Structure formats: C-alpha cells, structure tokens
Amino acid sequence: MTATRHAAEHEPVARVLPMLTVPHLDREFDYLVSTDQSDDAQPGVRVRVRFHGRLVDAFVLERRSDTDHVGQLRWLDKVVSAERVLTHDVRRLADAVAARYAGTRADVLRLAVPPRHANVEKKPPPQLEALEAPPADGIDTSGWSSYTGGPQFIAALGDGRAARAVWQALPGESWPQRLVECAAVTVNAGRGVLMVVPDQRDVDRLHAAALAEVEQSRVVALSAGLGPAERYRRWLSVLRGDARLVIGTRSAVFAPVAELGLVLLWDDGDDSLAEPRAPYPHAREVAMLRAHQVRCAALIGGFARTAEAQALVRSGWAHDLAASRQTLRARAPRVVALEDSAYAQERDPAARTARLPSVALDAARTALAAGSPVLVQVPRRGYVPALACGRCRAIARCRHCTGPMSLPGRDAPHVECRWCGREELAPRCARCGSDAVRAVVVGARRTAEELGRAFPGKPVITSGGDSVVDSVPHRPAVVVSTPGVEPAADGGYGAALLLDGWALLGRQDLRAAEDTLRRWMAAAALVRSRAEGGLVVVVAESAIPTVQALVRWDPIGHAQAELDSREEVGLPPAVHIAAVDGTPAAVAALLDAAELPQAGERIGPADLPVGARRPPGVAAELPVSRMLVRVPREGGLAMAAALRKATAIQSARHDQDPVRVQIDPLHIG
C-alpha cells in the first residue's frame, strides 16, 4: 500500500529543469516536494522526476510557495543527492552559453556538471599532503618585468582588481611558470583561479609548476583521461571549496571555483578548445563570458595570436601584455625562409635525400656539431599520408568513401584509406586508369627515415600520433615532430626546420594562415636566441605575409591584418555567422520560421565542408547541405535567440528532420 504523501510546510513547490534532449522542452517545470524530501531538495541538487510517463534526471532551480501551473502538480520522484552540484554562478554561465550558442541548457549542463558517482560523493575528498609553503618574501614575479604592463597586471591581481589582458609570450619563455605566478598571486590574495589549456601535456606542465608555488591540497587538475570516478572526486573538491586553483582542458572552464578571481587561457587558437558536442561552445568564449559575469580578471596567452584575441584588445575589453621590440630581438631566434624551388638547384646529395635546401641542412649540421638537438616539424604524421596518380597527378581517392589514400609504411604491400581504413592492393586512377602513385605529402615517419640517411650516426627521435615524446636531453639528435607535440629540449634547440609549409598554408580554411603561424611559432619558440646561434628555417615562399610575420616575429601585426581582412569580407570575429546543417527542406523550414534580425544575410546552400560530420539523427541516405546566416557583431544574440526559438518550434512539430545549428564554427567551409 502506497504511503500518503504530505507537501512540505514551507515552499512546497520545486521548480526544476529536466535534462531532456529536445529543444522545445528547454524550460522549467513545477513539482511538489514532500515533507521527507524538503530538507534535501534545495536549489542545485539532482532529482528524478516523472515526465510523460518516464523517469528523467533534473536539477532543482528554486523552491517556491506558489506555482503558475494550472491543474494538479506531480510529486518529485526522488532526490538523488543532497549535494548542491549546480551553483548559482555555473547556472548563470550555462544560461549565457545557451543563449550565445543557440543551444539548450540541458546540453550545456551536461558539459558543466559531470555524472554522479555515489561512492565518491558519500566520503569527503582525502586531504593531500601539503608541500612547503611559499617563501616569506612572496612569489617571484620578476619574469613579468620583460613585458610592458606586466608588473602592473600582477599588482592588479594582488589587489583583486578585474584586470584583463592578452599576453604575447616571448620566444623561449617558460609559459607555465609565468601563468602559475599569476595564479599564485591571486590565490594568496584569497581568490580562486581557473586555468584552461588545450591538452593533457599542458595540464601536466602547469600542474607540476603549480605545486612549486601553491599548497598541493589547494591545486586540482581536471581532464577526461582521469576516469569518471577520479574526475568526479576532484571536481567535488572544487565544489566544496577545498581546491582554489583548477587546471584543466576545455570542460574545466565550467568548474565551480569559489570566489573566482582569475581566468587563464593558454593557446586559444588550438582546435581542441572547441567543444565537438552541442551547443559547440569555444572555451575562450565561455571563459570570457564567465570573467564578465563574475567581474574577475582574465588572461589569454600564447606565442601567436588569434583574430578573436586581437578583437578583444581592439574593443578595449582587454589590453596588451607584450615585450618591446628590443627585448623581442634579444630573445628570438634568427628566422630565414627558403622556397621549395631551391631543391632543384641543390648539388648536395644529402640535401636531395632529406628534401632540404643546403642552407637548412648546414644549419642542422652546425647545431648537431655544437652538441645541440635539431627540431624538424612535419605537417602530417605517418609515412606517406597523401597519394596522387603518378601519371595525371589526380589525388588518389577511396572507391568506397572518396577519402584520401595513404601509404602506411615503407614496405607496406597496399595503400589504405585514411577515412574508412579500407585497404587497396591494386590501386588504379579513376581518371586515367594508371596504377602508378606518387607522394603528395610526406609524413613524419618517412621524413625521419630520410633524415637518418642525411645525418648518419645521429639518433632520430619521432614525436607524433600515439608516440609523443615530452622532452629530449641536450645532446646531438634529430627530433622529427608533427605540430603541437614538439618535445621541449634542455637548453633549447640549436635549430628548427619547418618543412612543407605549403601543406599548411594551402588549406582551404578561414583560419589556415592564423593556424599555420601558431604552429610555426610554437616550434620556433623552442629554439635558442639569435645571440646563442639559434636558427629557424621555414621552407615556404618568403613573400607570403604569414612567412614574413614569422621572420619578423610579429604575431600581433599578423592578427591585426587578419582581423582587418575579415572585417572587409564579413567573417568572424568581425561578424557573427550561424551554420545551419541538415536536409535542404529542414534547413529551409527552420530559417523561414526564424525571426532573424533585419540585417541578417543568408548565404548558400552549399555542401558540407570536407571532414564535417553529418547532423545527428539524419538518415545516411538523405542529402545534407549547409546554409549560413550572417549578422553584424551587435546582432549575434538576437540571431542566436531567433534560431533557438525556431529550433524549438520545429522540434515540437516533429514534421522535419533534425537540424544542427553552430554559432561561429571554427571551420565554416
């Protein structure tokens, strides 16, 4: 026999947000709270409610004494936990992110609040053994004196002021140490700090640097690789106020840091900071929204600079933290550019073997003779990751999925597709019928093999793919690496060779030039200064503006020019663009239902960009296209609101296929 329930004496109504995936149900619902649930059913806790005959997860948003609902209210089915996992600040942030990216709050909260682990939640986080306290004379922040405005920024953090800056790190800079100094000053001032970086290697570097400056029990590293239980345990330590310094990858930007005083973001141009799940927010934008909402300090740092970061400086929201040209010249390596056409004039057999001009080869030989390692950056991993017909030069494509064909190894008996993995024992050109193939792009493993022949007796180390090397000792060695996983070298590299620049610059992508300069500068920053003999050789045409920016070491000028050019042609961040993907009929219906701003401009339809995934829920046999909607920067929120409302209407009608909406996607087409 079911026991009779009695409503709570005070505020018997709980307003909850069910975690539903359908856009038209992204709203609050009222439920009755029983007497025995009242103490635990507080704002921010997880509950279970019955919705349309099934139990669903939900969050309590508030307790009320009245309701707007007409009719009999249902009871809360269960209070899952009394832990208030949804804080007021994170809830406000989730609302703002959903509004900015035309998404649902439930999707944002899935990114912000990790799944519950009951056993972890029932016991308090164990206290870690504390390291020695910082020295009595405080944190050494003298490294910031190399930057104009650096000491003033540190002083503002110590005073608890909301200083915001874009930091241009010098070549050879120990960026983890500089960021940790900012964090330590803020923590010592009694405020919390959130540090967001692209990948696990960066998390590990920052965490190691932080333990030398901040008490160990106050530092937490969050990343997906921890496993659900350990990640939740650490996340709870942040929620409960035990940890004051949080270091993590993109999802850590939502961490419930108490009394947040500083948000730090490193290398905001890295693609991994863009969330691949709906509503597809970028960690940089979420971090800036958060800094704006709680009025705390913010710092975006990197060796290069994105147009989005430069737009923050131009708008006055942030100021520059950059070194003088004199300081930069003293710290930067010498950079020279050599064109690919120089290969044909080479008389050095080793240069032909290694696909390097003699100047680059001589630079490598000099560095190796001096006892220093040499870095060689190759755009692609693998052996020969791209093939073409040996007769007509048409790109070799898979017969099943049209993906690019590659050669997995030197002695491989077959070529294989990089998309579907199918093997082809007897490839034949679809255009001319030839069975001959040639390399279009040479990968890291093939390059390492060639360099081994060019530098006999010298060890060749490869970093990339599943075999990433974190650091190399100060001894003669050739280090071949793909972009983003270059090992640090003790004392710096003697030289760096940046190969196949055309493979990066020639991509049909809005951010090709910006991303290429970012990858080049990250590698070149590991090389010793010009005064110490450091040399960077980039194999690319010297007249290209991106190459010139590297030669001059001028990422700010390149970002300014990039921003200016995007303003001229109407591309983000000068404007806001929404990419609407789906079947042609569904996309047209959505845009017809949307009350877009008057200044909104429709562009398309067009095919999905190469590599873009189909919208979830659309049958594989149906055609999919993309429409773009462009509005001036001030119309971004209005456009997002219109698309969000139209998506909800279409979802409620159930008469169209699903449509994916992405605001300011990284890759437009």
Side-chain angles (χ1 to χ4, degrees), residues 164-171 198 265-274 282-285 287-288 299-323 325 328 332 335 337 379 483-484 498 501-525 538 540-577 579 603 609 628 630-633 636 662-669:
R164 294 160 186 166
V166 177
W167 172 43
Q168 207 57 58
L170 283 165
L265 191 76
W266 173 256
D267 196 12
D268 67 302
D270 195 299
D271 284 4
S272 60
L273 290 173
H282 194 287
R284 176 191 55 244
E285 303 303 315
M288 298 306 103
L299 181 67
I300 298 175
F303 291 116
R305 179 171 294 193
T306 61
E308 284 79 6
Q310 184 61 27
L312 292 174
V313 175
R314 181 178 291 187
S315 69
W317 194 87
H319 65 270
D320 259 322
L321 277 184
R325 292 301 300 179
L328 179 59
V335 182
L498 311 178
W502 58 269
L504 292 173
L505 289 169
R507 292 176 299 149
Q508 298 300 312
D509 191 295
L510 166 66
R511 303 176 189 276
E514 177 181 278
D515 189 56
T516 298
L517 184 62
R518 183 183 68 83
R519 294 171 186 244
W520 283 348
M521 285 191 156
V538 54
E541 186 179 344
S542 59
I544 298 174
T546 305
V547 179
Q548 281 295 307
L550 177 65
V551 172
R552 298 192 309 270
W553 205 278
D554 185 21
I556 296 178
H558 188 269
Q560 288 174 340
E562 187 76 12
L563 183 56
D564 290 340
S565 65
R566 294 191 197 176
E567 287 179 344
E568 291 177 5
V569 297
L571 289 172
V575 298
H576 285 296
I577 285 184
I603 306 170
L628 300 178
R630 177 167 59 191
V631 297
R633 189 153 186 85
Q662 292 178 271
I663 306 295
D664 296 334
L666 282 182
H667 307 291
I668 295 174

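Remember, predicted model here, so these are calculated numbers, not experimental data.
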Visitor: Is there a side-chain contact between D664 and P573 in this structure, where contact means two heavy atoms from C-beta onward sitting under 4.5 Å apart?
Guide: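 No, every pair of side-chain atoms sits at 4.5 Å or beyond.
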
Visitor: Whether the side chain of R566 engages the backbone of A307 through a donor-acceptor N/O pair (distance < 3.5 Å, no angle test) should be reported.
Guide: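 Absent.
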
Visitor: Please round to the nearest 0.5 Å and tell me the distance separating atom CG of L505 and atom OG1 of T516.
Guide: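 Separation between the atoms: 4.5 Å.
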
Visitor: If you look at every heavy atom in P555 and L517, which pair is closest and at what distance?
Guide: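 Taking P555 first and L517 second, the nearest heavy atoms are CA-CD2, 4.3 Å.
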
Visitor: Please work out which of the three classes, parallel, tilted or perpendicular, describes the rings of W266 and W167, given edges at 30° and 60°.
Guide: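 The arrangement is tilted - the two ring planes meet at 30° to 60°.
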
Visitor: Looking at CD1 of I663 and NE2 of H576, how far apart are the two atoms once the value is rounded to the nearest 0.5 Å?
Guide: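 Taking CD1 in I663 and NE2 in H576, the distance rounds to 9.0 Å.
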
Visitor: Stepwise, does the side chain to side chain contact (heavy atoms under 4.5 Å, CB included) test hold for H667 with L510?
Guide: CA-CA 7 Å; H667 307 291; L510 166 66; over 6 Å; no

Visitor: Give, for atom CG of D270 and atom NE2 of H282, the distance between the pair rounded to the nearest 0.5 Å.
Guide: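 These two atoms lie 8.0 Å from each other.
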
Visitor: Which residue is it: D267, D320, D515? I am looking for the one with a salt bridge (charged side-chain N to carboxylate O under 4.0 Å, His left out) to R305.
Guide: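 Option passing the salt bridge (charged side-chain N to carboxylate O under 4.0 Å, His left out) with R305: D320.
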
Visitor: Any donor and acceptor pair, going by atom type alone, linking the side chain of H319 with main-chain N or O of V313 inside 3.5 Å?
Guide: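 No, because the side chain of H319 does not come within donor-acceptor range (under 3.5 Å) of the backbone of V313.
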
Visitor: Any salt bridge between R518 and D271, counting N to O under 4.0 Å?
Guide: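 Salt bridge between R518 and D271, a charged N being under 4.0 Å from a carboxylate O: no.
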
Visitor: Between R284 and L265 (side chain of the first, backbone of the second, donor and acceptor by atom type, cut-off under 3.5 Å), is there such a pair?
Guide: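 Not a single qualifying donor-acceptor pair exists.
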
Visitor: Set out, in order, the CA-CA distance, both residues' side-chain angles and the distance that settles side chain to side chain contact (heavy atoms under 4.5 Å, CB included) for T306 and I300, then state yes or no.
Guide: CA-CA 10 Å; T306 61; I300 298 175; over 6 Å; no

Visitor: Search all heavy atoms of S542 against all heavy atoms of V547 and return the closest pair with its distance.
Guide: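 Looking at all heavy atoms of both residues, the closest pair is CA-CG1, 4.0 Å.
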
Visitor: Below 4.5 Å, heavy atoms only, C-beta onward: do W520 and V335 meet side chain to side chain?
Guide: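 They are not in side-chain contact.
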
Visitor: Compare every heavy atom of V166 with every heavy atom of A309, then report the nearest pair and how far apart it is.
Guide: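 Closest heavy-atom pair between A309 and V166: O-CG2, 3.7 Å.
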
Visitor: Within this structure, what is the CG-CZ distance for the pair L563 and R314, rounded to the nearest 0.5 Å?
Guide: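 Separation between the atoms: 4.0 Å.
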
Visitor: Please name the pair of heavy atoms, one in T546 and one in A513, separated by the smallest distance, quoted to 0.1 Å.
Guide: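 Shortest heavy-atom contact: OG1-CB, 3.4 Å.
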
Visitor: Begin from the C-alpha positions of I556 and Q310 and carry the test side chain to side chain contact (heavy atoms under 4.5 Å, CB included) through to its verdict.
Guide: CA-CA 8 Å; I556 296 178; Q310 184 61 27; 4.1 Å; yes

Visitor: D554 versus Q560: any side-chain heavy-atom pair under 4.5 Å?
Guide: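 No, too far: nothing below the 4.5 Å cut-off.
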
Visitor: Within the side chain of E514, is there an N or O that forms a donor-acceptor pair under 3.5 Å with the backbone of G269?
Guide: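 No, the answer is negative, given that no donor and acceptor are paired below the 3.5 Å cut-off.
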
Visitor: Would a distance-only check, ignoring hydrogens and angles, find a side-chain to backbone donor-acceptor pair under 3.5 Å from Q168 to G301?
Guide: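 Side chain of Q168 to backbone of G301: no pair is present.
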
Visitor: For the residue pair W553 and A525, what are the closest heavy atoms and their distance?
Guide: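 Smallest heavy-atom distance, with atoms named: CH2-N, 3.8 Å.
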
Visitor: If every non-hydrogen atom of A323 is compared with every non-hydrogen atom of L170, which pair is closest and at what distance?
Guide: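 Minimum heavy-atom contact is CB-CD2, 3.5 Å.
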
Visitor: Do R633 and E567 meet the salt-bridge criterion of a basic N to acidic O distance under 4.0 Å?
Guide: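 Looking at E567 and R633, the cut-off is not met.
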
Visitor: Give the C-alpha distance, both sets of side-chain angles, the deciding distance and a yes or no for side chain to side chain contact (heavy atoms under 4.5 Å, CB included) between R519 and L498.
Guide: CA-CA 10 Å; R519 294 171 186 244; L498 311 178; over 6 Å; no

Visitor: I need the Q662 CD to I577 CD1 distance, nearest 0.5 Å.
Guide: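 Nearest 0.5 Å value for the CD-CD1 distance: 12.5 Å.
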
Visitor: Distance from E562 atom CD to R511 atom CZ, nearest 0.5 Å?
Guide: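 The CZ atom of R511 is 8.5 Å from CD of E562, to the nearest 0.5 Å.
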
